[in-house]
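Input: a single structure, listed below in structure tokens.
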Amino acid sequence: MNMKKFILETSLLQAGDVICTREDSSSSHLVRKSLSCDYSHVLLYVADSSCIHADAQGVHSVNTQRVMLNSKVDFKVLRHIPAQNLNAESIDNICNYARSKVGTEYSKIDAAKSGISRKTKKKLKIRSRYQFCSRLVAESFEFGACSFFDPATLCTPADILDSKSFREIEGVVREATADEIEFANNASRNGIAKQTAITNSILQDAKVITRKNIQTFDDLFQAVIDNPELDEPMEALIKNSGYLTMWATDIINNPWRYFRNNYLSIDLFQQLRLNGVERELKMARADQKRYNTMRLSLLKAHESAPRKTFEQHIILYQVLQSLADQRVALFEWLREKVIDSNPRKAEADSVPPNECDNRIG
């Protein structure tokens with residue numbers, strides 16, 4: 001029995017890459033057959049082993065270290081050619097659009113319409129705000145001024161694969177190690193799955209409380225702006241959900257990201273080789289920027305429409321930014337201790353399997 005599994009080498013991926021996958025399942029076979037293409041699902045890589053995609057659970061993030069398939073050819077990675085000439089801010093716009101849709105429900109009907117449109121060459125109208133995998137990718141690029149399919153709402157995985165705006169990236173799939181397979185199968189450490197469940201639960205309950213079609217946190221925020229009487233129920237819902245303390249999971253699972261005492265009793269360089277200081281430093285600095293941006297946006301909203309729901313999120317992003325500051329300080333210290341004093345050893349900068357996107361926002 002072949003027990004091999006294959007995984008993406010995330011060090012070779014770039015933000016904005018599109019990951020195409022297929023599985024040996026009835027649904028995957030059905031999609032591929034109906035679209036006459038080799039892949040049934042697409043994900044948008046946004047950075048640090050994190051993808052955003054739309055599946056039956058709606059729009060949510062997934063760690064690429066948990067995406068394992070049976071064969072190398074079950075993956076294909078595409079890079080958008082025009083996007084390679086964009087600046088970092090434009091790439092961020094593409095990725096942040098996908099992030100802004102987290103929580104949005106999945107629509108089989110809309111996905112089917114896109115397939116019918118491809119077959120019949122008729123541009124059917126999709127008026128819903130719901131998502132499916134290829135629509136999310138196409139709309140994200142459209143938001144970043146890199147449109148490749150019109151209309152984005154009807155884009156299928158086959159349209160992405162056919163598009164001349166993309167080129168395939170070779171050599172990004174490899175055989176998974178035993179440790180990587182064990183990590184991928186360890187549900188107890190899957191903080192992102194917990195994050196997805198809590199987010200979806202909040203948004204579903206918010207629909208009931210507000211009697212509105214709440215799909216994202218932006219929708220929830222707009223509801224408390226327009227209806228001040230909903231502020232306290234929303235504040236209580238979020239407080240009781242566990243959403244405000246999800247950050248603690250990463251500290252528990254990956255304490256080496258936060259505390260110097262994890263490095264004081266062992267060889268510093270060996271620990272550095274395991275945890276990839278430069279990569280972690282880059283990730284922490286990106287989080288600093290992103291959390292500060294979100295905090296300032298909430299402060300602005302709170303000034304215009306004071307709400308307790310905004311206050312709790314402002315405090316949350318202050319905490320997250322403080323934790324990012326702590327990570328930056330730690331890995332700058334490690335770099336000084338190890339890389340600067342051992343420049344030849346800086347080449348070994350690999351990362352073991354860990355939850356790289358178990359972070360809100």
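Keep in mind that what you see is a predicted model, and the values were worked out from it rather than measured. FYI, the numbering just counts along the sequence from 1.
Annotation: side chain of Ile314 is in contact with side chain of Leu299 (closest heavy-atom distance under 4.5 Å). Looking at Ile160 and Phe148, their side chains come closer than 4.5 Å, going by heavy atoms from C-beta outward. By the 4.5 Å heavy-atom criterion applied to side chains, Ile7 and Leu69 are not counted as neighbours. The shortest side-chain heavy-atom distance between Asn185 and Glu182 does not fall under the 4.5 Å cut-off.
Transitive grouping of hydrophobic side chains (ILVMFWY, heavy atoms separated by less than 4.5 Å) keeps Leu44 and Phe143 in distinct clusters. Transitive grouping of hydrophobic side chains (ILVMFWY, heavy atoms separated by less than 4.5 Å) brings Phe141 and Ile126 into a common cluster.
Of the possible polar contacts, one joining the Gln326 side chain to the Tyr258 backbone as a donor-acceptor pair under 3.5 Å is found. Proximity of a side-chain donor or acceptor of Asp231 to a complementary backbone N or O of Lys308 within less than 3.5 Å is detected. Panel note: side chain Ser241, backbone Ile238; a donor-acceptor pair is recorded below 3.5 Å. With hydrogens and angles disregarded, a donor-acceptor distance shorter than 3.5 Å links the side chain of Arg307 to the backbone of Val224. The main-chain N or O of Leu230 is never found under 3.5 Å from a side-chain atom of Asn227 such that the two would form a donor-acceptor pair. Proximity of a side-chain donor or acceptor of Thr245 to a complementary backbone N or O of Ala248 within less than 3.5 Å is not detected. Not one N or O on the side chain of Asp17 forms a donor-acceptor pair closer than 3.5 Å with the backbone of Val77.
A salt bridge links Asp162 with Arg118; the closest basic N to acidic carboxylate O contact falls under 4.0 Å. The pair Arg257-Asp250 counts as a salt bridge, with a side-chain nitrogen and a carboxylate oxygen less than 4.0 angstrom apart. The pair Glu139-Arg135 counts as a salt bridge, with a side-chain nitrogen and a carboxylate oxygen less than 4.0 angstrom apart. With salt bridges taken as basic N to acidic carboxylate O contacts below 4.0 Å, none links Arg32 and Asp38. With salt bridges taken as basic N to acidic carboxylate O contacts below 4.0 Å, one links Asp219 and Arg129. Using a cut-off of 4.0 Å between Lys/Arg side-chain N and Asp/Glu carboxylate O, Glu332 and Arg285 are scored as salt-bridged.
Residue-environment remark: CD (Glu232) stays at or below the threshold of 12 foreign heavy atoms within 6.0 Å. Environment of CG in Asp24: sparse, with no more than 12 heavy atoms of neighbouring residues, nucleotides or ligands closer than 6.0 Å. Residue Gln318 qualifies as enclosed at atom CD: its count of foreign heavy atoms under 6.0 Å is above 12. For Lys207, the NZ atom is densely surrounded, since the number of other residues' heavy atoms within 6.0 Å is greater than 12. More than 12 heavy atoms of other shown residues, nucleotides or ligands fall within 6.0 angstrom of atom CD in Glu229. For Arg211, the CZ atom sits in a loose shell: 12 or fewer heavy atoms of surrounding residues, nucleotides or ligands are nearer than 6.0 Å.
The SG atom of Cys133 sits 14.0 Å away from atom CD1 of Ile52, with the distance rounded to the nearest 0.5 Å. We find the CD-CD distance between Glu180 and Glu175 to be 10.0 Å, quoted to the nearest 0.5 Å. Gln222 CD to Phe217 CZ: the interatomic distance, rounded to the nearest 0.5 Å, is 15.0 Å. Taken from CE in Met246 to CD in Gln195, the straight-line distance is 4.5 Å, to the nearest 0.5 Å. We find the CD-CG distance between Glu303 and Leu298 to be 11.5 Å, quoted to the nearest 0.5 Å. Going from atom CD1 of Ile94 over to atom CG of Leu86 covers 6.0 Å, rounded to the nearest 0.5 Å.
In this structure, the ring of Tyr106 has its center no less than 6.0 angstrom from the ring center of Tyr130.
Paired with Ile214 under the rule side-chain contact (heavy atoms from CB on, under 4.5 Å), one option of Asp205, Leu220, Ile202 passes, and it is Leu220.
Note: His53 and His41 have perpendicular aromatic rings, judged against thresholds of 30 and 60 degrees for the angle between ring planes.
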